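Here the structure is a predicted model, which means the values were calculated and not measured.
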Amino acid sequence: MNYSDHIGIIGGGIAGLALACALSKFNIKTIVFERNDELSAYGAGISISKNASKILDRLNILEIFKKNSYQPGKSYWYYKNNEFHHTEVDIFTSSRQTLIKTLYDEYISLGGEVFFNYEISKISNKGKLLEFENSKNCSVGHVAVCDGIKSNIRNELFTGDNKVTYSGFNAWRFIGKSANTNINFNLDSDSHIVNYPIDKNLNQSVVAISKNKIWDHESWKQEATIEEFYRTFDQKTNYLKPLINENQKIYKWGIFIRPNVNKIYTDNITLFGDAAHPMVPFLGQGGCMAIEDAYTFAFLLQKLNMNYSKAQFIYDKLRVPRNSMIGQMSLRQARLNHIKNYYFASLRNLIMKKTNLISKRMNNVWEYDAHQQAERELKNYSFD
């Protein structure tokens, strides 16, 4: 197959489809290769904060996404089931599947193509030739790697430490139903639980985080029993029982830490989303960072008249510090949520209640504008 005038996108998840939409909006030809035979049905709830919703709006996707999502308005914070703080939020909550379907439908409407059952086996000729497990080959103009947190391409072709370490945290997730209309955080000394509505029918995404010393399995698809869930969280989940029925499917997975690569491009290959910056999920920014990545690169490429090397250089300069900061903040958030000492936990709660330190901290995340940042950065460079 000859797609040498296209960008070949490896992976049809949030990063891959967001990039496909952004490039298509700028009239840049793309082709998406997805290893599965359909779009992924796995995943938990997702939050889209202002930094990402601004981009969806620029791509004319936001209004469609809003119709199938929810806008909570407030978040409530509890410590050992007692409320200590609440605040207004400007966030859309949804399911990962809803966001992926919205992006996919938009991409297809723009004339895009997705090849299913195309699992990458090798990238050769410095990113000009793709070889797949189904024995098909394809020549492309550029390779965009969006194959997720376990990216084999990142591990094989990019320099850096590939060591994977267990974070000490496990996540449990399920979808339930209740009349709750807010984002709720329930903190404890060795766990925290988040639940929020993901659509107008008030289906609820529930994610519970526990601590464990050893964990050797990393999969979003590992099922757990209701009894195991209750045993792990003891009496802390009594308020969730109305959301759980006897046939409830509950999934669990260990959360692992992967170091960032030294540079998120090499030759004719560029990394996006979890493949570029694997991060723990405690700040709810994984999907948002993927959307920022996608728009930044597409915008730069269009402004630089399809000069890949120039676009890669500025993309790396913008995205590496941003993603590194968010990744570190996310890991710190997990530790803040699980303060064991009662007095330190009480101090944390008091600071959240009486000061605006938390909102100031999060404004650095939510008020970021990828479009404006890329425009400013372009003015600083002359490649002549």
Side-chain angles (χ1 to χ4, degrees), residues 7 9 11-26 28 30 46-62 65 69 89-94 96 99-100 102-103 106-107 144-149 151 154 260-261 263-265 270-304 311-331 333 361-378:
I7 293 180
I9 300 174
I14 293 173
L17 291 173
L19 179 62
C21 286
L23 290 167
S24 297
K25 291 289 186 181
F26 290 121
I28 299 171
T30 62
I46 190 169
S47 61
I48 298 297
S49 48
K50 193 175 178 182
N51 49 308
S53 64
K54 282 185 287 193
I55 295 173
L56 296 183
D57 195 27
R58 285 186 177 277
L59 298 176
N60 299 319
I61 297 172
L62 183 59
F65 178 64
S69 305
V89 290
D90 185 9
I91 285 177
F92 296 99
T93 52
S94 186
R96 181 177 179 273
L99 178 58
I100 285 179
T102 303
L103 293 167
E106 179 67 12
Y107 177 54
V145 178
C146 308
D147 60 344
I149 198 166
S151 174
R154 178 188 64 233
N260 293 326
V261 294
K263 193 169 66 171
I264 56 177
Y265 71 93
T270 311
L271 300 177
F272 298 85
D274 287 338
H277 42 78
M279 64 177 66
V280 292
F282 304 114
L283 213 60
Q285 284 292 310
C288 295
M289 291 301 104
I291 292 169
E292 285 186 13
D293 287 350
Y295 183 85
T296 300
F297 185 77
F299 176 78
L300 290 171
L301 199 56
Q302 183 254 349
K303 286 291 186 181
L304 293 167
Q312 284 177 309
F313 178 80
I314 300 180
Y315 170 75
D316 180 84
K317 186 175 186 298
L318 287 173
R319 299 309 303 162
V320 168
R322 168 77 171 164
N323 290 316
S324 178
M325 179 192 77
I326 301 298
Q328 292 169 15
M329 286 178 66
S330 187
L331 193 56
Q333 187 64 48
R361 175 174 174 262
M362 292 310 299
N363 277 342
N364 289 330
V365 179
W366 295 338
E367 295 300 325
Y368 180 88
D369 191 315
H371 178 87
Q372 291 182 3
Q373 189 65 41
E375 274 194 329
R376 283 195 294 268
E377 197 65 28
L378 279 172

Minimum-distance pair of heavy atoms, taken over all atoms of [X] and [Y]:
X	Y	result
Ser330	Phe282	OG-N, 3.0 Å
Ser47	Ile91	CB-CG2, 3.8 Å
Cys288	Gly284	SG-O, 4.3 Å
Ala311	Leu301	CB-CD1, 3.8 Å
Cys146	Leu19	SG-CD2, 4.2 Å
Ala275	Ser151	CB-CB, 3.8 Å

Does the [X] side chain pair with the main chain of [Y], one donor and one acceptor, at a distance under 3.5 Å?
X	Y	result
Ser69	Phe65	yes
Thr270	Ala144	no
Ser53	Ile48	no
Arg154	Asp147	no
Thr30	Ile7	no
Asp293	Gly273	yes

Residue pair Leu99, Ser94: steps toward the side-chain contact (heavy atoms from CB on, under 4.5 Å) verdict: CA-CA 7 Å; Leu99 178 58; Ser94 186; 5.6 Å; no
Is the closest side-chain heavy-atom distance between [X] and [Y] below 4.5 Å?
X	Y	value
Ile326	Val365	yes
Met279	Ile149	no
Arg319	Met289	yes
Cys21	Ile61	yes
Met329	Arg361	yes
Lys50	Tyr368	no
Phe272	Val145	no
His371	Lys54	no

Distance from [X] atom [atom1] to [Y] atom [atom2], nearest 0.5 Å?
X	Y	atom1	atom2	result
Ile9	Leu17	CD1	CG	8.0 Å
Asp90	Glu367	CG	CD	8.5 Å
Tyr107	Leu23	OH	CG	8.5 Å
Gln373	Ile314	CD	CD1	11.5 Å
Met362	Ser49	CE	OG	7.0 Å
Phe297	Leu318	CZ	CG	12.5 Å

Steps toward side-chain contact (heavy atoms from CB on, under 4.5 Å) verdict (Asn51, Arg322): CA-CA 12 Å; Asn51 49 308; Arg322 168 77 171 164; 3.6 Å; yes
Side-chain H-bond candidate by donor/acceptor type, Gln328 with Ser324, under 3.5 Å: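 Per modelled atom types, Gln328 and Ser324 side chains form a pair under 3.5 Å.
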Intermediate values then yes/no, side-chain contact (heavy atoms from CB on, under 4.5 Å), Leu378 and Leu300: CA-CA 8 Å; Leu378 279 172; Leu300 290 171; 3.8 Å; yes
Phe26 and Tyr295 aromatic ring geometry - parallel, tilted or perpendicular at 30°/60° bounds: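 Ring orientation of Tyr295 relative to Phe26: tilted.
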Axial cation check for Tyr265 ring with Lys263, 6.0 Å and 45° limits: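 Pair Lys263/Tyr265 counts as cation-pi.
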Residue pair Arg96, Ile100: steps toward the side-chain contact (heavy atoms from CB on, under 4.5 Å) verdict: CA-CA 6 Å; Arg96 181 177 179 273; Ile100 285 179; 3.4 Å; yes
Salt-bridge criterion met for Lys303 and Glu377 (N-O under 4.0 Å):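 The answer is no: the pair does not qualify as a salt bridge.
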